[in-house]
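Residue numbers count from 1 along this sequence.
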Amino acid sequence: MEDSPFNRLPEDSLHQIFSSLSLRQIMICRSVCKLFNQILTSSSFMHLISSRSHLNLLALRPPHHHHHHNNHSRHVSLLTSLHVYDPDQNHWLRFNLDFLPFRSPHPVASSLGLVYLWADSPDSPDSNKSLIVCNPLTRQYRVLPQLGSAWSRHGSVLVDSRSRVMVLTELAALYFSFSQKSQQWLKFSSNLPSKPRSPIVVSNSVFALCDVGSPWRSKWKLFSCAVKNMLNLNVMNNNWECLERHEWGDIFDIMKRPRLIRGNGNKILMIGGLKSSYSLNQSCLTILILRLDLETMEWEEATRMPEEMHRWFQDSKFKVFGGGDRVCFSGKKVGRLALWDCCEWRWIDGVPGNGDELFRGFMFEARLTTVP
């Protein structure tokens, strides 16, 4: 590229050429060479294309065992980059996180174009963690007030459309808002009956599954709490409500290890194995996706995994992530991801790493205009 006539073009001309590309094409061109990356990440070019619409992507979280000695270089890539999948183009993209001056960044959540990551605090001799919010497209970031490492190990990070951040555990919850004057974490009691499973934020409320059964048999219930109640110091120990309806019948009993995912609009998706019987160590017939309409409080079956696809997951531990009408499944040693995309099921190949990892993930709306 050094002797190419391309290098002799004025910067403004280069910007005009690249500005004719879509945001998706610009992201791909960034990885072609250092010159392209420098041009396409410059502040002047970012300002020129700031009005582009966002991309709906599926982002991967690094597997917990990334420190294993096998395939070290691949695991380093998983740690230093955000790997995302574009369902519309069936294409993998990679955003480098080397602009973050922190050790071991671990992305966990996203909202409105911003990614939230746990990372080791560089200035702290203790094992404290910082929650960082960044835009991987513009390479800008901001550090939230420091937290102890226990919150990163046991807490679930939730972010809503108003950029309110919560870290939720069984006993306590932390709350942070960019608009609050104190710019400090606020701490509140949770008092949930068990560790919250796959908590999500929908319509200004937090929803989570909790196991209220015995040590030898799980019994899942759906709990909810309005964010305003969580912040109300006058409401003690009654923040969370167990949502139950007689019409629901045994809907939670037929699901094995259910999880929640935010659906479209005012809807919640619940995903889990469909039990073949009520015995203790029952097998699953398939993986079922149910949809709850929060306005009518009625459940319906959205879809179930095809039999030929379920064979890969029936004897394997699996993880689920996604949002809207896109749900992604990662199974141990499956080597690829399964995707329910609105009305169809398909496989996702080319997964980063050696293909045997068990991935978690989240939806990522890639935007150029969002500033941390």
Side-chain angles (χ1 to χ4, degrees), residues 23 52-59 84-88 108-116 156-166 168 175 177 196-210 220-231 239-245 247-248 251-252 255 258-272 287-305 319-329 338-346 360-367 369-370:
L23 178 57
R52 298 295 169 86
S53 59
H54 66 271
L55 299 179
N56 291 315
L57 308 172
L58 288 163
V84 299
Y85 175 73
D86 185 344
D88 294 323
V108 291
S110 176
S111 178
L112 299 178
L114 297 178
V115 175
Y116 294 77
S156 298
V157 178
L158 307 176
V159 189
D160 66 6
S161 58
R162 300 181 184 180
S163 297
R164 296 178 297 187
V165 187
M166 286 165 277
L168 180 64
Y175 173 89
S177 174
R197 184 175 178 83
S198 59
I200 56 175
V201 182
V202 182
S203 301
N204 293 318
S205 293
V206 181
F207 295 85
L209 292 168
C210 289
W220 296 98
K221 294 290 184 180
L222 179 62
F223 286 80
S224 73
C225 177
V227 174
K228 64 179 181 180
N229 289 343
M230 191 178 296
L231 302 178
N239 294 332
W240 291 91
E241 175 190 4
C242 181
L243 300 180
E244 294 182 292
R245 298 290 187 276
E247 298 80 11
W248 290 359
I251 194 167
F252 294 102
M255 302 281 280
R259 308 84 164 146
L260 299 180
I261 286 180
R262 180 173 180 172
N264 284 325
N266 206 25
K267 294 179 174 60
I268 292 175
L269 299 180
M270 184 167 69
I271 300 98
I287 294 175
L288 190 64
I289 301 181
L290 301 178
R291 185 188 290 117
L292 173 64
D293 188 324
L294 293 175
E295 294 181 0
T296 63
M297 296 304 289
E298 294 180 353
W299 289 95
E300 64 175 355
E301 179 177 333
T303 185
R304 57 181 65 191
M305 183 176 284
K319 298 296 180 182
V320 178
F321 59 94
D325 282 332
R326 282 174 171 154
V327 182
C328 202
F329 299 81
L339 176 66
W340 175 59
D341 191 352
C342 298
C343 300
E344 66 173 2
W345 288 86
R346 56 189 170 97
R360 295 171 174 84
F362 51 87
M363 292 297 296
F364 172 45
E365 294 182 356
R367 299 170 182 252
T369 55
T370 312

Backbone of E247 reached by a side-chain donor or acceptor of W299 within 3.5 Å: no

Considering all heavy atoms, the nearest F321-R360 contact: CD2-C, 3.7 Å

Gap separating the CG atom of L292 from the CG atom of L243, nearest 0.5 angstrom: 8.0 Å

Closest heavy-atom pair and its distance - W340, R291: CH2-NH2, 3.9 Å

Partners passing side chain to side chain donor-acceptor pair (under 3.5 Å) against K228 (at least two apart in sequence or in another chain): none

Minimum heavy-atom distance between A109 and V159, given as atom pair plus value: CB-CG2, 4.3 Å

Below 3.5 Å, can you tabulate the donor-acceptor pairs from side chains in residues 197-209 to any protein atom, sequence neighbours excluded?
from, atom 1, to, atom 2, distance (Å)
R197, NE, P258, O, 2.6
S198, OG, L260, N, 2.7
S203, OG, N266, OD1, 2.4
N204, OD1, R164, NH2, 2.8

Spacing of CE belonging to M270 relative to CD1 belonging to I289, to within rounding of 0.5 Å: 11.5 Å

Heavy-atom closest contact (P87 atom, L339 atom, distance): CB-CD2, 4.4 Å

For M363 against S110, the heavy-atom pair lying closest together: O-CB, 3.4 Å

Flag if over 12 foreign heavy atoms under 6.0 Å of CD, E301: yes

Nearest heavy atoms of F223 and C242, plus distance in Å: CE2-CB, 3.6 Å

Value rounded to 0.5 Å, distance of CZ in F329 from CH2 in W345: 4.0 Å

Interatomic spacing from CG in L158 to CE in M166 - rounded to 0.5 Å: 5.5 Å

Nearest-0.5 Å distance, CG of residue L57 to CZ of residue R326: 9.0 Å

No-hydrogen, no-angle side-chain donor-acceptor test under 3.5 Å, N56 and D88: no

E365/R367 salt bridge by N-O under 4.0 Å criterion: yes

Derivation of the salt bridge (charged side-chain N to carboxylate O under 4.0 Å, His left out) call for R262 and D160: CA-CA 11 Å; R262 180 173 180 172; D160 66 6; over 6 Å; no

Reported CD-to-NZ distance for the pair E241 and K221, which is rounded to 0.5 angstrom: 13.0 Å

